[in-house]
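Only this structure's heavy atoms are used, side chains among them; waters, hydrogens and symmetry mates stay out.
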Amino acid sequence: MAPRVPYAEAAKVLLRDTLLNAASDLLREKSWQDLKMGDIATAAGVSRQTLYKEFRSRQLFAEAYILRETEVFLAAVEEAIVAHVAEPREALAAALEVFLTAAAEEPLIKAIVAGDDSDGLLSTVTNHAGPILHGSTVRLTEMLVKQWPDTDHEALNRISRYLVRLAVSYAASPDGTPAEIARETVTVLGPYLDEVLGG
């Protein structure tokens with residue numbers, strides 16, 4: 001029998017998910033700049049005080065939202081890598097394409113691209129010491145190590161750092177379709193990928 005989750009912990013998770021889901025729904029109708037915290041609270045069926053007690057600020061709410069969406073992106077990235085594990089170049093091309101496609105459809109990412117960073121969204125994503133870049137790099141490295149366990153782990157971490165930063169840059173300012181960007185990136189990285197991953 002699986003251990004039971006304490007009520008307080010389960011309630012906290014449910015509250016956070018409800019608030020983040022409410023924001024996700026609203027962001028498909030209006031921009032982040034026009035979205036008020038009160039709108040999110042109302043859509044979630046809670047008070048503004050409850051929302052601020054949980055997230056403390058609009059900036060922290062945005063960070064939590066982006067972190068959750070990043071986890072969704074990374075799950076899709078892992079599926080793409082697993083589907084092409086026998087062909088490292090194809091695996092990383094597919095992973096990058098999946099991420100860029102998902103990012104292009106995410107309303108808050110669009111807000112980051114369109115904004116002037118007056119609300120700090122771009123800084124939240126691009127801060128090298130922050131949870132998004134660092135956490136994504138760690139997760140991607142873990143994925144690569146899982147698929148190619150006999151490969152130099154530091155080399156895989158190096159690939160992860162480069163790909164994560166490149167993916168964020170292209171998500172913020174694309175100059176082609178996700179497929180085109182992925183192909184071009186893997187063409188440039190190809191020789192190193194072959195050397196490290198034995199493609």
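No path of Ile, Leu, Val, Met, Phe, Trp and Tyr side chains, each step under 4.5 Å between heavy atoms, connects Y162 with V138, placing them in separate hydrophobic clusters. L193 and V188 sit in two unconnected hydrophobic clusters of ILVMFWY residues. Membership requires side-chain heavy atoms under 4.5 Å apart, directly or through other members. When the side chains of ILVMFWY residues are joined at heavy-atom separations under 4.5 Å, either directly or via intervening members, V82 and V145 end up in two distinct hydrophobic clusters. Under a hydrophobic-cluster definition in which Ile, Leu, Val, Met, Phe, Trp and Tyr are linked whenever side-chain heavy atoms come within less than 4.5 Å, directly or via other members, V77 and V72 are assigned to different clusters.
Using a cutoff of 4.0 Å between basic side-chain nitrogens and carboxylate oxygens, R158 and D152 are not scored as salt-bridged. Under 4.0 Å is where a charged nitrogen must lie from a carboxylate oxygen, and between E63 and R58 no such pair does. Ion pairing between R183 and E97 fails under the 4.0 Å rule for side-chain N and carboxylate O.
The structure places CD of E69 at 9.5 Å from CG of L27, a figure rounded to the nearest 0.5 Å. Taken to the nearest 0.5 Å, the CZ atom of R68 stands 4.5 Å off from the CG atom of L20. Atom CG of L166 is separated from atom CD of E184 by 9.0 Å, given to the nearest 0.5 angstrom. Taken from CG in L35 to CZ in F61, the straight-line distance is 7.5 Å, to the nearest 0.5 Å. If you take CE on M37 and OG on S57, they are separated by 7.0 Å, rounding to the nearest 0.5 Å. Separation of atoms OG1 (T70) and CG (L74) is listed at 6.5 Å; rounding is to 0.5 Å.
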task = In sequence, state the C-alpha distance, the side-chain angles, and the governing distance for Y65 and S24, and then conclude on side chain to side chain contact (heavy atoms under 4.5 Å, CB included).
result = CA-CA 8 Å; Y65 181 93; S24 181; 3.5 Å; yes
inquiry  = Is there a side chain to side chain donor-acceptor pair (under 3.5 Å) between N21 and R16? Walk through the geometry before answering.
reply    = CA-CA 8 Å; N21 288 339; R16 290 177 70 89; over 6 Å; no
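Two residues are said to be in side-chain contact when any heavy atoms from C-beta on lie closer than 4.5 Å; Y192 and L197 fail this criterion. Looking only at side-chain heavy atoms (C-beta outward), L144 and H153 stay at 4.5 Å or farther from each other. Contact of the L92 side chain with the I159 side chain is registered, since non-hydrogen atoms from C-beta on lie closer than 4.5 Å. With a 4.5 Å cut-off on side-chain heavy atoms, K12 and E9 do not count as touching. Annotation: side chain of W148 is in contact with side chain of P88 (closest heavy-atom distance under 4.5 Å). No side-chain heavy atom of E71 sits under 4.5 Å from any side-chain heavy atom of L67. Counting heavy atoms from C-beta on, the side chains of R89 and H84 never come closer than 4.5 Å. For the pair Y170/P178, no side-chain contact is recorded, criterion being any heavy-atom separation below 4.5 Å from C-beta on.
Shown here for V98 and A80, the closest heavy-atom pair between the two residues is CG2-CB, 4.0 Å. Minimum heavy-atom separation, L60 to R56: CD1-NH2, 3.4 Å. Taking both residues in full, the closest heavy atoms of E78 and K146 are given as OE2-NZ, 4.0 Å, listed atom of the first, atom of the second, then distance. When all heavy atoms are compared, the tightest approach of A155 to V196 is CB-CG1, 3.7 Å. Contact between A167 and L100 at its shortest, heavy atoms only, is O-CD2, 3.6 Å. Contact between T185 and L163 at its shortest, heavy atoms only, is CG2-CD2, 4.2 Å.
For D39 (side chain) and K36 (main-chain N/O), a donor-acceptor pair under 3.5 Å exists by modelled atom type. The main-chain N or O of T137 is found under 3.5 Å from a side-chain atom of T141 such that the two form a donor-acceptor pair.
Between L51 and the choices I40, L15, T42, the side-chain contact (heavy atoms from CB on, under 4.5 Å) rule is met once, by I40.
Note on ring orientation: taking the six-membered ring where Trp is involved, the planes of F99 and F73 are perpendicular (angle over 60°, cut-offs 30° and 60°).
In this structure, Q49 places its CD atom where only 12 or fewer heavy-atom neighbours from other residues, nucleotides or ligands lie under 6.0 Å away.
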